[in-house]
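Please read the structure below before turning to the comments.
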Amino acid sequence: MTVRGVVQGVGFRPFVYRLAHEYNLKGWVRNTSGSVDIEVEGSKKSLENFLGALRSQAPPMAHIEAVEVAFDSPKGYTQFQIEPSLSREGQYQLVSPDIATCDDCKKEIFSPADRRFRYPFTNCTNCGPRFTIIEDIPYDRPKTTMHKFKMCPQCRREYNDPQDRRFHAQPNACPKCGPSLELVDGDGKAVDGDVITAASALLKAGKILAIKGLGGFHLACDATSEVAINTLRARKRRQGKPLAVMISTLEEIEKHCLVSPEERKLLQSPQCPIVLLRWKKGSNISPAVAPNLKYLGVMLPYTPLHHLLLNETGLPLVMTSGNISEEPIAKDNDEVLTRLGGIADYFLLHNRDIYARYDDSVYVVEDMPQVLRRARSYAPYPIFLPFKSKQILACGAELKNTFCLTKDEHAFLSQHIGDMENEETLGHFEDTVELYKKLFRIEPEVIAYDMHPEYLATKYALEAGAKAGLKLAPVQHHHAHIVSCMVDNMIEGRVIGVAFDGTGYGIDGNIWGGEFFTADYLGFKRLGHLEYVPLPGGEAAIKKPYRMALGYIYSLLGEDFSLEGLPLRLVPNELELIKQQLRRRINSPLTSSAGRLFDAVSALAGVRQEIDYEAQAAIELEMLAPDEVSAPEFYPFSIVEHQGVRVVRLGELISAVVGDVRNQTPASVISLRFHHTVARMIAEVCKLIAGESGITQVALSGGVFQNRLLLKLAIAALEGQGFNVLSHHLVPCNDGGVSLGQAVIANFARS
Ligand code: ZN
Ligand code: ZN
Ligand code: FE
């Protein structure tokens, strides 16, 4: 039998071993670079039972893709054995992501009599680090960062005992032989006493700690202390952006947040992601954790160290990526003291090296789970393709970058790399590309990239592609979004694609972001878009939504339009400058971006004039909308046709919002009306396109669809028109999904 899938590092061989004994079969099992191979002999009945159980009883973290079976004459084996692993040229297999601490291990670290009592590196075949410590395949201890720790006789015994939970658990360790903790201050001087007790006391005293985790450092502090959080924000140079919180148990979480059954399942899953939950009034977690938001990003502890710290502090802890603003997460002991030296007061280190950086994954659930950041415990598990692909490297977009390597039916969508705006993140990108190429034995023949000439990922692609003589495949940003959504739903045919996001390079040289296509893997036709408006000052208009509002007003309602009664931040000189920019079209590129429309309405409604993080104005506008949806109210807009392309005119909408603002209509009402209006826009344009094309399937993609209210309303409006609606689940709708779309489009690109 040849078993393929995630079958290494998940206790699969011990499982096979036990199964063989149970059915009294003789033979062997072994790992190879491409599969787990099994040879068993015994009675026909036993063999059948064995085969059935292989699939039905597989360990929780295993994922069997295929079992190939062949028959041979008996060799006369007298026992069942686990044979040494076999490395086969060019073969590869799926690598297990890291897995949250299992209940058995958790019990041990809290049992005073257990030899692993309070041991922060406890793990077994059902849990612990995997991907972050693997240097190469097959997955065996010498090829992990655990190779420097020699197992003590007791650990060795567990490792060799097929009846033991730690049988062939590669990172197996104990206090005697495994990794250990160290707590140091900013000068690298060790703090005396028991590390966990000391670290917990520091956290309780409001200190900021850099804590080494699975895939990098977290910055941690007391989530109930506004002072600690504001200090962390000031030092990390991260003003408004929400921070994640780790809470000890589900019961504790429920004191702070509403948790649906779906959300509970995901929080407690072996992946243990951050889940955005409805934040309860009366929670004592400081509002400074997520200012102006009604969601709180929450996760349960997922390593023994987390369990011990949360238990000992008795506090919810802020756990945010250990980096300065947009650099990649720090992972090594020596880099952390320099890179996070100005942020953390103390450093909780350990000596198990991290091979791959790995941020926490983020999900939003409510009624349908949707990944927003795909990283820890999901990557490098592939997204499955509905076809067999060439070997391709797709380099992704700029913000929330991921890359994607394809081979066979597998799209290895990388973990979240970060915003590719600096050398450090580019370095992380390059290292991770090399790691994936090595692990999955991929030699790309095509390199795909965004058409935006200034993206670092695009520059990398052009350089790397030229150097290696790869075929180049430029892909339009929103086409990639739509195709990523199609693949997420395993859809091949042709769809109407609605791509709403902040910024993407359009083939007419303008900035796109409110697009209606008909599209498939082979290409797209732009059949509709939001009206073009100038971005006064380019990048400045993105950081300052009031400039965007002025862009809409001056270009759609006229330069003499009165700003009276509007809550826009107006700087006298700037106003004249903006008019000049618009009049002479200086540094004012045209955009059809839906994200910018949200920004402008947010500024007009007095919600946010300047932003600290991407999409903040739109998010805060969404948060204001009431939960109970009354009879929908809409703003006016019109759709005109220009050379076969539908353009949504926005002048009436902006003028109606201005009217509402002048009438002192609450921002919450404006927000809800606006959301209903955008959903109606989407449905109306899709109806027109369907009328011509006959396509009844609509794919919604782009970062704007992280907006849950809009997504829900758009789906309802489209379904009301009889459309079948596709949205994102396993792949982010934001730019984190773009590389997947690029890879698929490149696979089908002619020439
Ligand atoms: Zn375990
Ligand atoms: Zn040991
Ligand atoms: Fe995008």
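Only this structure's heavy atoms are used, side chains among them; waters, hydrogens and symmetry mates stay out. A quick note: this is a predicted structure, and the numbers were derived from the prediction, not measured. Order of listing sets the numbers, starting from 1, for every ligand and every atom in it.
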Q.
Please give me the protein atoms (N, O or S only) lying under 2.8 Å from the Fe ion (ligand 3), ordered by chain and number.
A. H477 NE2, H481 NE2, D501 OD2, D735 OD1
Q: Could you tell me whether K400 and E614 have a side-chain N and a carboxylate O separated by less than 4.0 Å?
A: yes
Q. For the rings on Y460 and Y455, is their centre-to-centre separation under 6.0 Å?
A. no
Q. Where the Zn ion (ligand 2) is the centre, what is the SG-to-SG angle for C174 and C177, rounded to 10°?
A. 120°
Q. Are the side chain of E622 and the backbone of E620 linked by a donor-acceptor contact shorter than 3.5 Å?
A. no
Q) Can D599 and R596 be counted as an ion pair, charged N to O under 4.0 angstrom? A) yes
(Q) Between P171 and F121, is there a side-chain heavy-atom distance shorter than 4.5 Å? (A) no
Q. SG (C105) to the Zn ion (ligand 1) to SG (C102): angle, nearest 10 degrees?
A. 110°
Q | Full working for ring pair (Phe, Tyr, Trp, His ring centres under 6.0 Å) between F524 and F516 | A | CA-CA 10 Å; F524 71 94; F516 296 87; over 10 Å; no
Q. SG (C152) to the Zn ion (ligand 2) to SG (C155): angle, nearest 10 degrees?
A. 110°
Q: Assign the ring pair H478 / W512 to parallel, tilted or perpendicular, where the plane angle (0 to 90°) is split at 30° and 60°.
A: parallel
